[in-house]
Amino acid sequence: MLAVATDLLGASLQIDGIGGIIVETEAYRRDDEASHSFRGQTVANAAMFGSPARAYVYRSYGLHWCLNFVCEQGSAVLIRALEPVYGIETMRERRSVSETRKLCSGPGNLCKALSVTGNMNGLSVLAPPFSLELPAAIPAMTSGVRIGISKAAERPWRFAVTGSPYLSKPIRMERNVTD
DNA sequence: CTCAGGATGATCT
DNA sequence: GATCATCCTGAGG
C-alpha cells in the first residue's frame, strides 16, 4: 500500500479528460487508527473492503468530496493534489479560481476540479471515466507526516513529488523516501 | 433516536 | 492561527 502511494506520484490521472499529474498522496490502512476502515466494514466505507484499484469516495466535513484508490483489503491511498495539465480552463470554471497552482491543491479542491462525487464510489479507476497512466520517469519523492487528522498522525505516510509547487501544504517532518 | 465529530477549505484577523 | 460552513455516519441511550 505504501508502494502504491509512491508509485502514483508522477502518474497521470484524468476523469473525462480533465486532470493532471499526481503530486501528493497519503496512505491509510486497516490497522491504522486514522483510517476509516479501522473499526471494520460499514455501509459508508464498504468500497475500502472491495476489490483493489477501485475508487473510495467519501464526503468530508459535510461539504467536500475526497478521492481514494483502494489497495488491499481495508487500505487505500488518498489523492491529495495534482499538477493541473488537462482541461485547465474547465477546472478554473468549476473552482472559480484562476491560479493554476490552486486548482487541485488539496483533496477537496481536486475533487471539485475533476467533478468527483459520491456516485463514483466503488468505480474501477482503470476504466472510463477514469484514465490512469504510470509515469515515464519516476520523480524524486519526499515523505512526511499526514495532516488534517488527530489520530496516528505521526506516521510518515504522506508522499509528495519533491519540490512540487502544487502541494496542498508544505511537507512537515520531511524524510527521505528510499525505494 | 439523538448527537458529536471528522482524511477540508475559504475567509478573516 | 481561528472560525465556520454543513452532512452524514456510527456510537450510545
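First the proteins, then the strands, lettered A, B, ... as listed; each starts at 1. Predicted model, so just to flag it, every value in this text is computed and none were measured.
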- Query: Would Thr25(A) and Arg158(A) count as a side chain to side chain donor-acceptor pair (under 3.5 Å) if you check the C-alpha gap in whole Å, the side-chain angles of each, and the deciding distance to 0.1 Å?
  - Reply: CA-CA 6 Å; Thr25(A) 60; Arg158(A) 180 176 175 223; over 6 Å; no
- Message: Determine whether the aromatic ring centres of residues Tyr58(A) and His36(A) are separated by less than 6.0 angstrom.
- Response: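 Ring centres of Tyr58(A) and His36(A) closer than 6.0 Å.
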- Task: Check whether more than 12 heavy atoms from other residues, nucleotides or ligands sit under 6.0 Å from atom CZ of Arg172(A), and answer yes or no.
- Result: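 No, because the 6.0 Å sphere around CZ of Arg172(A) holds 12 heavy atoms or fewer from other groups.
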Expected list for residues 127-139 of chain A: side-chain donor-acceptor pairs under 3.5 angstrom, two or more places apart:
none

- Does the pair Glu24(A)/Arg80(A) count as a salt bridge with the N-to-O cut at 4.0 Å?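 Salt bridge flag = yes for Arg80(A) with Glu24(A).
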- Message: Under 4.0 Å between a side-chain nitrogen and a carboxylate oxygen: does that hold for Asp31(A) and Arg29(A)?
- Response: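 Answer for the salt bridge query: yes.
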- Query: Quick one: does Glu93(A)'s side chain have a donor or acceptor within less than 3.5 Å of a partner on Ile88(A)'s backbone?
  - Reply: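 Answer holds: no.
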- Using atom CG of Asn119(A) as one end and atom P of dC8(C) as the other, report the distance to the nearest whole Å.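 Those two atoms, CG and P, are 13 Å apart.
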- Have a look at Arg39(A) and say if it touches a base, only the backbone sugar-phosphate, or nothing, with a 4.0 Å heavy-atom cut-off.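 Counting heavy atoms under 4.0 Å across all strands, the contact made by Arg39(A) is with sugar-phosphate only.
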- Task: Please determine which of Leu67(A), Ile79(A), Leu82(A) meets the side chain to side chain contact (heavy atoms under 4.5 Å, CB included) test together with Leu114(A).
- Result: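 Looking at Leu67(A), Ile79(A), Leu82(A), the match for Leu114(A) under the side chain to side chain contact (heavy atoms under 4.5 Å, CB included) is Leu82(A).
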- Query: For DNA chain C, what string of dots and brackets results from 5' to 3' when Watson-Crick and G-U pairs need both distances under 3.5 Å, crossing pairs get [ ], and pairs with another strand get |?
  - Reply: |||||.||||||.
- Whole-angstrom distance between dG5(B) and dT3(C), as gauged at atom P: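 Between the two P atoms, the distance is 16 Å.
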- Item | Protein proximity profile, nucleotides 7-13 of chain B - base contact B, sugar-phosphate-only contact S, no contact -, cut-off 4.0 Å on heavy atoms | BBSS---
